[in-house]
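Here's the structure, in structure tokens; my notes come after.
Only heavy atoms go into these numbers, but all of them, side chains included; no hydrogens, no water, no symmetry mates. The chains referred to below are lettered A, B, ... by the order of the sequence lines, with proteins before strands, and numbering in each begins at 1.
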2 protein chains.
Amino acid sequence: MPPTTAATDGPDTVEDRLRAAGWRMTVQRRVIAEAFDQRRRDGRDVHLTAEQVLAAARATLPDVSLATVYNTLNDLVELGALAEVSPDDGPRRYDANVADDHQHLVCVDCSRVVDVHLPTRPTLGPDARHGFDVAGVEVTFRGRCPDCRAA
Amino acid sequence: MPPTTAATDGPDTVEDRLRAAGWRMTVQRRVIAEAFDQRRRDGRDVHLTAEQVLAAARATLPDVSLATVYNTLNDLVELGALAEVSPDDGPRRYDANVADDHQHLVCVDCSRVVDVHLPTRPTLGPDARHGFDVAGVEVTFRGRCPDCRAA
DNA sequence: ATGGGTGCAAAGAGTTTGCAACTAC
DNA sequence: GTAGTTGCAAACTCTTTGCACCCAT
């Protein structure tokens, strides 16, 4: 089972990535990974805050600590199994969808995040790079979600 | 004088906008606005943190408080005279260049921000909006600036 | 058995806020 | 004179860290 699989579907879960990296599989890490994997299996976008992960993890393991959640989330980001979503303010969100290149649509009222796909992503001409070694682009659309428009 | 002026050049300073909005011109607000206006006059990109604004303001008015800086920056953002630049982490930055549509190039090491201009900015097809009322896009290129590459 | 992982509580960064004194209008 | 502003300090939110105990390997 190749550890660098990047299929949209299949066994490329957060937990798999943890295992593939050769880390100790503790119950805590398993339930934290499961918070993402379960929702992904349901076909949903997953952009959880640390508190949401804590809540999900505590559903099966009531004594997990917020510190462990943060530690694990940071480890998973460093590993490349999760991506951070920059909010304008409020708590950071973690995105389990690292396999396909996508952008975000964020609700300015409730901070809900939805994945969107651009046909082509913006690039910077060599003359516009100001000598920077450009590593990536991040595109965020901001607006109001249907629920907040109704309210 | 319409308060929604947005000329690229001319007397459209942060201080002007403050005045145009009919606010009380205190010394504090003047020196805070000046921190942006002075650098803009020099033709520089201006993306200051609250601490940098405080330092600049204290150069001429040693007793300004950080709280006043924050209050004023928030007021100026609400007024539309400044724009917030979302960092991935670290302190928020404030951009005085609200007149022309532009994007940012941010150094992942030192957080330096440079303005860049895209020929066309990305848009979302109606079917990709997920029912959102999309109000704006934000494009951020990330990489290493020349100084940090050298180091 | 042992080194990495955990939980707790305390510290930390960045920002906001309550309130009495002050000042631009 | 009076309402809007200020400065201070305390509070707040989110995240990180130090340390003693614990458990996956």
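Formation of a donor-acceptor pair under 3.5 Å by the R29(B) side chain with backbone atoms of L18(B) is not found in this model. In terms of modelled atom types and a separation under 3.5 Å, the side chain of H104(A) and the main chain of D115(A) share no donor-acceptor contact. With hydrogens and angles disregarded, no donor-acceptor distance shorter than 3.5 Å links the side chain of Q28(A) to the backbone of V69(A).
Between T26(A) and dC23(D) there is no side-chain polar atom (N or O) within less than 4.0 angstrom of OP1 or OP2. Applying the 4.0 Å criterion to OP1 and OP2 of dT5(D), one finds that T68(B) has every side-chain N and O outside that range. The side chain of R92(A) contributes no N or O atom lying less than 4.0 Å from OP1 or OP2 of dC14(D). Distances shown here put a side-chain N or O of Y70(B) below 4.0 Å from the OP1 or OP2 atom of dT15(C). Contact between the side-chain N/O atoms of Q28(B) and the OP1/OP2 oxygens of dG7(D) is found at a separation under 4.0 Å.
Residue N71(A) is in base contact, counting any heavy-atom pair closer than 4.0 Å across all strands shown.
Atom C1' of nucleotide dT6(D) and atom CG of L61(B) are separated by 11 Å, given to the nearest angstrom. Rounded to a whole Å, the CG atom of D75(A) is 10 Å from the C1' atom of dG5(C). What separates CG of L18(A) from P of dT25(D) is a distance of 11 Å, to the nearest Å. Following rounding to the nearest Å, D89(B) (CG) and dT13(D) (C1') show an atom-to-atom distance of 16 Å.
Residues N97(A) and H102(A) approach most closely at O-CE1, 2.9 Å, considering heavy atoms.
Along DNA chain C, the nucleotide nearest to P91(B) and the one nearest to V27(B) differ in position, and the one closer to the 5' end is contacted by P91(B). Judged by closest nucleotide on DNA chain C, A67(B) is the one of A67(B) and M25(B) placed further toward the 5' end. Mapped onto DNA chain D by nearest heavy atom, E51(A) and V64(B) fall at different nucleotides, with V64(B) at the one closer to the 5' end.
Nearest nucleotide to the R29(A) side chain, out of dT16(C), dT6(C), dT15(D): dT6(C).
Contact annotation: side chain of R24(A) to base of dG3(C), donor-acceptor pair present below 3.5 Å.
Between E138(B) and R142(A) a salt bridge is recorded (basic side-chain N to carboxylate O distance below 4.0 Å).
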